[in-house]
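Contents: one structure, followed by commentary.
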2 protein chains.
Amino acid sequence: MSAGEQRERKPRADVQRNRAALLETAQRHFLQHGVGTSLEAVAKEAGVGPATLYRHFPTREALLAAVLQTRSEELVARQADIDQLGDPAEALEQWLRAMEEYFSAFSGLPDPLMAAARAQEPDNPLTIPCDILISATDQYVRAAQLAGRVRASVRGHDLFLAACSVAWIKGTGTEEESLDRLRTLIASGYRQRDTQA
Amino acid sequence: MSAGEQRERKPRADVQRNRAALLETAQRHFLQHGVGTSLEAVAKEAGVGPATLYRHFPTREALLAAVLQTRSEELVARQADIDQLGDPAEALEQWLRAMEEYFSAFSGLPDPLMAAARAQEPDNPLTIPCDILISATDQYVRAAQLAGRVRASVRGHDLFLAACSVAWIKGTGTEEESLDRLRTLIASGYRQRDTQA
DNA sequence: CATCAAACGGATGCTGCCTCCGTATGTATT
DNA sequence: AATACATACGGAGGCAGCATCCGTTTGATG
């Protein structure tokens with residue numbers, strides 16, 4: 001209490017408990033019913049009133065961002081593995097797949113994600129994740145370009161959009177085979193042709 | 001009443017009138033607020049009760065399909081122009097742009113469209129339009145492939161998905177410049193390289 | 001003008017969103 | 001252990017949109 005410690009009241013225990021229950025339930029509901037799931041139902045199943053949910057997470061996006069936190073960390077962890085790869089083209093490819101899986105975590109996720117990526121609303125809790133992903137993608141693109149494996153005209157942002165698109169289509173229930181064809185099409189689009197000049 | 005004529009009662013005049021008013025209003029609302037617009041509001045502004053709207057168009061998709069009818073016809077009309085072009089690669093390109101514009105008619109349109117394209121629900125009034133578009137795309141693809149301008153591995157369905165994706169991204173409010181970059185990426189993906197062996 | 005099927009539309013029940021406010025709960029103090 | 005107090009809780013309620021039922025109106029017909 002002496003050394004600069006503000007000596008603030010310890011936060012209540014139920015706050016943490018409710019928050020955890022909400023996150024756990026929300027994740028399940030997002031998984032089962034997509035990002036548009038009923039928040040009222042989430043609250044009820046978590047054993048709290050609607051107001052408690054809204055107090056913890058003022059908007060659907062805030063809840064979504066919080067639930068996504070775990071997955072974001074997994075994505076960052078994957079980056080370490082990917083960076084180990086010697087081949088920058090392979091690294092880019094794997095990174096794109098990792099991002100796509102992240103976008104496909106819940107059906108309907110790409111929409112709020114794009115909304116966040118577009119506008120510069122700093123209050124949208126999904127904006128920061130998006131910005132990070134775009135610049136990370138740009139890193140991988142540049143590395144692959146230096147190795148002459150990716151066209152010079154390509155930007156990280158382009159492939160971010162492409163990955164988001166594929167995730168969106170995936171979310172609409174398209175068969176995996178069609179998705180693979182689309183991925184191949186995109187890959188042909190950004191890869192530098194070997195038979196150059 | 002003799003010659004096989006079933007002599008059925010002439011349909012009431014208000015039916016036609018209400019239907020027309022609903023379509024006109026619905027188009028305006030879809031344009032302004034996207035495909036998710038309030039059907040109640042549409043009915044009210046068209047000067048009819050909710051029940052009348054639902055009697056004419058049992059589902060949102062039915063109304064959407066009816067409103068889209070006009071645009072579909074415009075698309076067919078464009079086909080005539082496109083078919084005039086000598087260059088099959090150019091024809092494919094223009095066709096893809098035409099489809100993309102069609103998909104972008106209303107914000108949020110790509111979602112129900114993809115839903116219709118995916119499942120074989122013959123009762124979904126959007127399924128037929130989708131099937132037509134896919135096979136039309138396939139025609140253009142084949143023609144361009146015969147001319148050696150498009151990779152052999154590409155299918156019409158792939159480019160249908162790609163066009164739908166671009167339209168989806170457009171609907172999320174992304175800047176036109178980013179869209180152009182994405183279109184270019186896709187084009188690089190399907191075009192046959194000139195420096196072939 | 002009378003008839004009657006066809007179409008209409010208001011009322012209604014439902015679900016989900018979000019907020020207000022009286023109440024309960026956990027922490028700190030004595 | 002009991003009290004004081006801030007903090008968090010949650011039910012109630014207002015609102016909007018969907019979709020349907022059913023009593024009433026409308027307009028084609030003879």
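Fair warning: this is a prediction, and the values are worked out from it, not measured in the lab. Chain identifiers are assigned alphabetically (A, B, ...) following the order of the sequence lines, protein sequences preceding nucleic acid strands; residue numbering begins at 1 within each chain.
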Has the side chain of A/Arg9 got a donor or acceptor atom sitting under 3.5 Å from an opposite partner on the base of C/dT27?
-> yes
Backbone of B/Val35 reached by a side-chain donor or acceptor of B/Arg60 within 3.5 Å = yes
Please state how far atom NE2 in B/His29 lies from atom P in D/dG17, giving the value in whole angstrom units.
-> 11 Å
Would you kindly compare B/Gly36 and A/Val15 by the position of their nearest DNA chain D nucleotide and give the one closer to the 5′ end?
-> A/Val15
Whole angstrom value for the distance that separates P of D/dA8 from CG of A/Asp14 | 8 Å
Closer to the 5' end of DNA chain C via nearest nucleotide, is it B/Arg19 or A/Thr37?
-> B/Arg19
Please state how far atom CG in A/Asn18 lies from atom P in C/dG26, giving the value in whole angstrom units.
-> 10 Å
For B/Arg142, does the CZ atom sit with more than 12 other heavy atoms under 6.0 Å from it, leaving out its own atoms?
-> no
Polar side-chain contact B/Arg12-C/dA6 base: donor and acceptor under 3.5 Å | yes
Basic-acidic side-chain contact under 4.0 Å: B/Arg183, B/Glu93 | no
Contact check, side chains of B/Leu133 and B/Tyr102, non-hydrogen atoms, under 4.5 Å = yes
Do the side chain of B/Glu100 and the main chain of B/Cys164 share a donor and acceptor less than 3.5 angstrom apart?
-> no
How about A/Glu176: does its CD atom have over 12 heavy atoms from other parts shown lying under 6.0 Å from it?
-> yes
Note: contacts of residues 38-65 of chain B with DNA chain D (heavy atom, under 4.0 Å) are B/Ser38, B/Leu39, B/Glu40, B/Pro50, B/Ala51, B/Tyr54, B/Arg60
